[in-house]
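Data first, discussion second: the structure below is written as structure tokens.
Being a predicted model, the structure only gives us computed values, none of them experimental. Proteins come first, then strands; the chains are lettered A, B, ... in the order of their sequence lines, and each starts at number 1.
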Amino acid sequence: MNEWLTLAWSQRSELASATLVHLSLVLESIVLAILIGVPLGVLATRRKSAERFVLGLANIFQTIPSLALLGFLLILFGGTIGKLPALTALVVYALLPIIKNTILGIQGLDPNVAEAAVGLGMTPWQRLTLVELPLAVPVLLGGIRIATVSAVGMATIAASIGAGGLGTYIFRGVSLSDPRLILLGAIPAAGLALLCDSLIGLAERRLDPTKGSGSRRNRWVIGALVIALFALVLGENLSSRTGPGKIVIGSKDGTEMILIGQMLAELVEARTDLKVDRKFNLGGSLVCYNALKDGGLDAYVEYTGTALAAILKEPPQNDPKAVYDRVKAECERRDGVAVLDPLGFENTFAIVMRAKQARDLGLKKISDLQRHQGRLRTGFGPEFMSRADGYDGLMKAYGLSFTERPRELDRNLLYQAVAQETLDVAAGDSTDGRIASLDLVVLDDDRHYFPPYEALVFANLASLNRHPALREALSLLSGKIDADKMRLLNYEVDGKRREPAEVAHEFLLLNKFLE
Amino acid sequence: MVLDQEVSKPIVAWRDVRKVYPSGLAALDGVTLEANAGEVLAILGTSGSGKTTLLKLVNRLFEPSSGTIEVRGKPTSDWDPIALRLSIGYVIQDVGLMPHLDILANVGLVLKLLGHPKPDREQRSQEVLKQVGLEPSRFAGLRPHQLSGGQRQRVGVARALAANPDLILMDEPFGALDPITRREIQAEFRDLQRRLKTTVIIVTHDIREACHIADRLALVDAGKLVQVGRAADFHDKPASDFVKSFFADAEAVVLESPR
Ligand SMILES: Nc1ncnc2c1ncn2[C@@H]1O[C@H](COP(=O)(O)OP(=O)(O)OP(=O)(O)O)[C@@H](O)[C@H]1O
Ligand SMILES: [Mg+2]
């Protein structure tokens with residue numbers, strides 16, 4: 001507990017700005033949802049057919065799983081990562097409660113009041129603005145409250161597409177298997193949700209337009225509060241504007257990619273006069289690659305084998321040099337993506353087990369698994385399950401067929417699952433520090449099934465051409481990190497729970513990349 | 001404006017009006033009736049006989065199925081509905097005050113719709129509040145839920161009077177009052193009407209009320225007009241047994257009635 005508070009304190013300024021980003025994401029999406037949802041709700045009360053259509057659409061939106069929606073929006077926005085798709089997703093989810101309560105509020109109008117409004121001679125617009133909407137305010141606020149509270153939760157997922165916010169800590173925590181980091185994101189998020197809930201709840205009660213005197217003062221107080229919030233959001237937006245000299249370094253989910261991402265960011269800051277924006281823990285290869293193509297990212301760490309299969313969608317090959325040449329040529333030609341020289345280590349898929357179980361069963365090589373396939377419980381990440389060079393190929397190459405269906409779970413959870421004996425065999429990354437820290441072993445790929453996965457830096461070609469110093473800085477690490485070094489660095493973070501930024505900085509100092 | 005009108009010229013005229021609701025029910029079945037400028041016309045009848053329907057045809061809350069209704073000599077179908085309603089005071093059966101506005105703003109609502117500036121509205125609203133017997137200094141700032149049912153009905157009347165219309169439609173305006181207060185406000189209203197010479201069409205099923213404040217009565221039954229005339233006519237020459245029985249318990253009132 002104490003240790004966690006120390007961590008939280010050491011992160012205070014980063015945490016504060018993440019909270020601010022989170023809050024502004026939520027507020028902006030709610031304001032947009034109100035601007036869209038209230039008119040739609042009003043429209044729905046005017047025509048029965050419009051009500052069916054609007055509510056039906058909002059209901060369908062609500063049922064789309066959030067990750068699927070984010071993925072879909074990423075494609076829709078042509079790979080733009082960051083705020084735009086995240087904001088869109090949040091707006092889509094916030095619409096239903098706002099539309100619904102607008103309709104409820106207007107339809108709940110006392111029929112006598114409605115008759116008086118018409119009978120006294122109000123135009124439809126006057127009826128709406130002088131009677132229906134003011135009286136719907138408490139019900140509408142109820143909808144806004146529901147929408148806001150769930151947007152606070154939903155916005156954590158936005159971190160996976162680089163929109164930042166408190167989710168950054170949660171994703172980092174999951175990828176580093178560090179519950180302290182998860183809590184660092186989750187606790188402020190929960191606090192924010194509670195705060196929004198009670199503040200809007202208060203407004204709901206105080207702004208009841210039928211409750212007479214004193215409401216003028218309440219309106220002032222709440223108006224001032226709203227203005228203060230928007231000043232905050234505006235300030236956040238102005239400060240986070242990406243200027244012309246700003247470089248965005250990203251990374252997929254995973255310790256070593258974040259570590260090298262940090263190193264690259266620091267090197268660029270030290271060796272050029274460019275400013276760097278760090279967008280780590282992005283969803284996966286396609287998110288990063290599309291963002292790179294699009295200019296939303298300037299550099300991230302990728303692997304040759306992954307690029308061949310997931311990006312170029314070509315069948316696996318076994319010759320590292322051939323794979324590298326192919327990836328370099330195709331990515332540059334097709335997408336304007338520069339492929340820099342390999343960093344010096346390979347991160348292949350590794351089939352891992354508990355060291356003790358492997359010893360007990362006498363297992364050393366993947367082909368040894370054949371003898372035990374009836375008893376072993378397996379688990380793989382979604383990427384491994386769906387890739388040509390993943391699960392199906394592995395089964396074929398080694399003539400395996402496990403009796404029990406493999407479990408599919410986030411690949412960051414696989415190591416823990418094996419260590420805690422929920423699983424026996426899983427596919428991990430060969431350089432993962434947790435292999436050592438959790439006392440796991442890697443089974444030998446004796447039939448050379450896994451294609452080469454050399455780590456290297458992918459960069460936006462146009463940015464490199466614009467800033468020659470950037471190419472130089474991003475190339476500094478080429479050939480300088482071998483697999484042993486990488487595993488040690490990973491262990492510093494995964495095993496010893498140190499901050500990636502700190503470990504990266506230390507490495508750069510020790511190896512004289514920085515003075 | 002009322003003074004300029006010739007007393008004989010009808011300000012509202014229903015001509016062979018039928019109203020059939022989508023349910024197939026004929027709420028009005030060939031009604032022809034006139035309300036003359038400056039008079040109080042009471043529409044009487046049992047519950048469900050079509051009184052409210054008759055009233056709502058005047059300010060186009062309903063449209064007739066056949067026949068025409070003329071207001072100030074012009075068929076309602078030729079009136080812009082908003083302009084028509086703004087020119088007519090309307091007191092609805094269940095008051096329908098705006099719960100989010102204070103009493104002063106409720107009374108001044110039609111003036112606001114007509115575009116009168118705020119100071120004028122407030123001054124005029126205070127005036128009419130006094131006229132219906134509500135002290136502005138006490139009631140102006142309250143919300144409708146802070147008033148009693150009878151006080152709310154007075155506010156409803158004040159709201160209809162505020163823009164000084166030449167025609168007021170009232171649908172059971174004093175329903176929520178106890179008999180004593182009811183008599184009081186009826187008398188006050190009658191005095192007020194005489195001074196202003198406003199045409200008033202008042203719906204009621206209370207025969208005593210009708211006799212107290214109306215110049216002429218119109219009795220409807222099951223969508224048909226049964227008899228029109230002065231209170232005494234109903235007593236002297238009842239058109240049917242139904243009229244007789246409807247008036248039976250009001251004998252005394254009719255006799256002591258001022259006209
Ligand atoms: N909007 C409507 N749709 C269908 N039927 C209606 C509608 N309004 C009234 N009616 C029916 O028309 C008939 C006359 O209704 P109306 O409201 O005019 O009666 P009323 O004389 O005012 O009765 P009360 O004294 O109870 O107010 C009733 O039978 C009623 O059920
Ligand atoms: Mg009625």
Go through the atoms of B:L86 and report whether side chain, backbone, both or neither lie under 4.5 Å from a heavy atom of chain A. both
Side chain from CB out, backbone as N, CA, C, O: work out which of these in B:D102 comes under 4.5 Å of a heavy atom of chain A, or both, or neither. neither
Do the non-hydrogen side-chain atoms of B:L57 and B:L28 ever get within less than 4.5 Å of each other? yes
Tell me, side chain or backbone of A:A117 under 4.5 Å from chain B's heavy atoms, or both, or neither? both
Where on A:L120 is there a heavy atom nearer than 4.5 Å to chain B: the side chain, the backbone, both, or neither? both
Under a 3.5 Å threshold, yes or no: a donor from one side chain and an acceptor from the other, between B:R154 and B:Q151? no
With a 4.5 angstrom heavy-atom cut-off, is it the side chain or the backbone of B:L169 that approaches chain A, or both, or neither? neither
Shortest non-hydrogen contact from A:L90 to A:A151? CD2-O, 3.9 Å
Could you tell me whether the side chain of B:I168 reaches within less than 4.5 Å of the side chain of B:Q193, counting heavy atoms only? no
Less than 4.0 angstrom from a charged side-chain N to a carboxylate O is my criterion; do B:K130 and B:E127 meet it? no
With a 4.5 angstrom heavy-atom cut-off, is it the side chain or the backbone of B:R60 that approaches chain A, or both, or neither? neither
